[in-house]
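In the text below, chain A, chain B and the rest are named by the order of the sequence lines, each starting its count at 1. What you are looking at is a predicted structure, and each value in this text was computed from that prediction instead of being measured.
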Number of protein chains: 2
Amino acid sequence: MSARTAAPSVKRSIESSKKPLGSVPTLTAVDQVDTSFLETLLGYNARRAALTIIEVFLERMAKFGLRPVDFSVMSVIEHNPGVTSRQLCAALNLLPPNLVGLIQSLEARGLIHRRPHPTDGRAMGLHPTPEGSALMQQAEQAATDLEIECSSRLTAAQRKTLLDLLQKIYL
Amino acid sequence: MSARTAAPSVKRSIESSKKPLGSVPTLTAVDQVDTSFLETLLGYNARRAALTIIEVFLERMAKFGLRPVDFSVMSVIEHNPGVTSRQLCAALNLLPPNLVGLIQSLEARGLIHRRPHPTDGRAMGLHPTPEGSALMQQAEQAATDLEIECSSRLTAAQRKTLLDLLQKIYL
DNA sequence: TATTGTTATACTCTATAACTATA
DNA sequence: TATAGTTATAGAGTATAACAATA
């Protein structure tokens, strides 16, 4: 790690590499940016990795009209027909107000429909339509494909390890 | 309750041939939400893990007045005095317009100052003030501490493995 | 002509408070 | 009283286009 002493390729008015506290600030140029400290932080690395994958996700999923959260919601509905909005929020860590428009949009597109909950009159069960199921079958395959591509520098065993370790953070 | 629990919490992928298409839609209740498919996706897991850590980050860093991006920017400036905005954008994957207000805010708080770049008249070198350096020394320690807490279910070796694997995704 | 920093702006995402109807 | 779903809205985060000064 080359954290402490900045490595200026272009030194103009530098006398020494140590920083006397009262001295006039030196005008240094940075040739290569050192991010080694940030790279020791899980939060930073997890966020950067997530955003990298999501960027590819957005491109590939555009043809399905599914953003990441749409995809997650549809996937949970597909695998849990009859799930309620409240359950979706708990499972995906979403806030109820932000789910309302999303659900309405999916219903308007004919991908899901809402039916009365069998026991709770306040709740609505969310079910995939045949069109929604067909779409998700394609979308989940596409998601799996792009994930493999994004982790092409990992072996299958490393990929599995990564999944397990990440889940130990948030589950 | 007497609900027909047609949706077991841990189930195989059944659906396709088992669902008579013309049948009356069943009103099913879901007891436990199955998110096993999403949990096979790196993007989903990385995002959930990142958000979990960032949530703690926001709490702990509030007393320093540093949000995640503020912290990242200050950390890079601290370890790379004289770095330019453009270099910051490249290193942290930020967009220049979004950095302007952030830099102005940090400067207004007396945490950094901007000085002419030694060779490029268009650019400004970003330098930490003594106050900024002092703040970051505390903030980086706090960040390291909370990271350790958030990964308390991981051994030191596992934590290192996780960092390495995440960097293979985005670096 | 290309790049740095900047302004203005729009769009998305996320968060909070409060309401309704049912439990 | 508590919960499910909803409405309205505010705030944060992220995106593109265009401009002036400098390379």
Side-chain angles (χ1 to χ4, degrees), chain A residues 10 29-30 33 43 47-48 50-52 54-55 57-59 61-62 65-73 77 82-108 112-126, chain B residues 1-3 29-30 33 43 47-48 50-52 54-55 57-59 61-62 65-73 77 82-108 112-126:
Chain A
V10 184
V30 174
V33 180
R47 182 161 189 272
R48 290 297 302 267
L51 290 175
T52 297
I54 288 173
E55 189 176 356
F57 188 99
L58 290 172
E59 299 167 3
M61 292 298 176
L66 296 174
R67 294 158 301 173
V69 185
D70 303 316
F71 176 86
S72 297
V73 167
I77 294 174
V83 69
T84 68
S85 290
R86 198 71 182 82
Q87 288 177 310
L88 270 175
C89 287
L92 299 176
N93 199 29
L94 303 174
L95 292 172
N98 299 330
L99 194 58
V100 175
L102 211 154
I103 294 294
Q104 289 174 343
S105 170
L106 294 174
E107 189 177 30
I112 63 172
H113 50 210
R114 308 191 305 163
R115 304 201 162 272
H117 190 278
T119 61
D120 191 334
R122 300 167 300 181
M124 296 291 286
L126 304 173
Chain B
M1 290 301 185
S2 61
V30 174
V33 179
R47 182 161 188 272
R48 290 297 302 268
L51 290 175
T52 297
I54 288 172
E55 189 175 354
F57 188 98
L58 289 172
E59 298 167 4
M61 293 298 174
L66 296 174
R67 295 159 302 173
V69 184
D70 302 317
F71 176 86
S72 298
V73 167
I77 294 174
V83 69
T84 68
S85 291
R86 191 52 92 161
Q87 288 177 310
L88 270 175
C89 288
L92 299 177
N93 199 28
L94 303 175
L95 292 172
N98 299 330
L99 194 58
V100 175
L102 210 154
I103 294 295
Q104 289 174 344
S105 170
L106 294 174
E107 190 177 30
I112 63 172
H113 51 208
R114 308 192 306 163
R115 302 202 163 271
H117 190 277
T119 60
D120 191 335
R122 300 167 300 181
M124 296 291 287
L126 304 174

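Residue B/Met124 is the one, among A/Leu58 and B/Met124, whose nearest nucleotide of DNA chain C lies closer to the 5' end (criterion: closest heavy atom). Toward the 5′ end of DNA chain C lies the nearest nucleotide of A/Val69, the other residue of the pair A/Arg122 and A/Val69 mapping further downstream. When each of B/Asp120 and A/Gln104 is assigned the nucleotide of DNA chain D bearing its nearest heavy atom, the one mapping closer to the 5' terminus is A/Gln104. Heavy-atom nearest nucleotides on DNA chain D were determined for A/Arg47 and for A/Gly125, and the one closer to the 5' end corresponds to A/Gly125.
Counting heavy atoms from C-beta on, the side chains of B/Pro96 and B/Arg86 come closer than 4.5 Å. In this structure, the side chains of B/Pro68 and B/Leu58 come closer than 4.5 Å at one or more pairs of heavy atoms. At a threshold of 4.5 Å between non-hydrogen side-chain atoms, the residues B/Glu55 and B/Leu51 do not count as touching.
Less than 4.0 Å separates DNA chain D from at least one heavy atom of each of the following residues of residues 83-98 of chain A: A/Thr84, A/Ser85, A/Arg86, A/Pro96, A/Pro97.
Looking at A/Gln87, its side chain never comes within 3.5 Å of a backbone N or O of B/Val33 through a donor-acceptor pair.
Between B/Leu92 atom CG and B/Ser72 atom OG the span is 5.5 Å, to the nearest 0.5 Å. Taking OG1 from A/Thr84 and CG from A/Leu99, the interatomic distance works out to 9.5 Å, rounded to the nearest 0.5 Å.
Summarising the geometry, the separation between CG on B/Leu51 and P on C/dC13 is reported as 13 Å, rounded to the nearest angstrom. Taking atom CG of B/Leu99 as the reference point, atom P of C/dG5 lies 9 Å away to the nearest angstrom. Whole-Å rounding puts the B/Ile112 CD1 to C/dG5 P distance at 12 Å. If you take CZ of B/Arg114 and P of C/dG5, they are 9 Å apart, rounded to a whole angstrom. Note: CG (A/Leu102) to C1' (C/dT12) measures 12 Å, nearest angstrom.
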Verify side-chain contact (heavy atoms from CB on, under 4.5 Å) between A/Asp70 and A/Leu102, making sure each step is shown before the conclusion. CA-CA 7 Å; A/Asp70 303 316; A/Leu102 211 154; 3.3 Å; yes
B/Leu94 and B/Val73: side-chain contact (heavy atoms from CB on, under 4.5 Å), yes or no, with the steps? CA-CA 10 Å; B/Leu94 303 175; B/Val73 167; 4.0 Å; yes
Please test A/Ile77 against A/Leu88 for side-chain contact (heavy atoms from CB on, under 4.5 Å), starting from the C-alpha separation and ending with a verdict. CA-CA 8 Å; A/Ile77 294 174; A/Leu88 270 175; 4.1 Å; yes
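Nucleotides of DNA chain D lying under 4.0 Å from heavy atoms of chain A occupy a range whose first and last members, 5' to 3', are D/dA2 to D/dT14.
Ranking C/dT6, C/dT14, C/dC13 by closeness to the B/Val100 side chain, first place goes to C/dT6.
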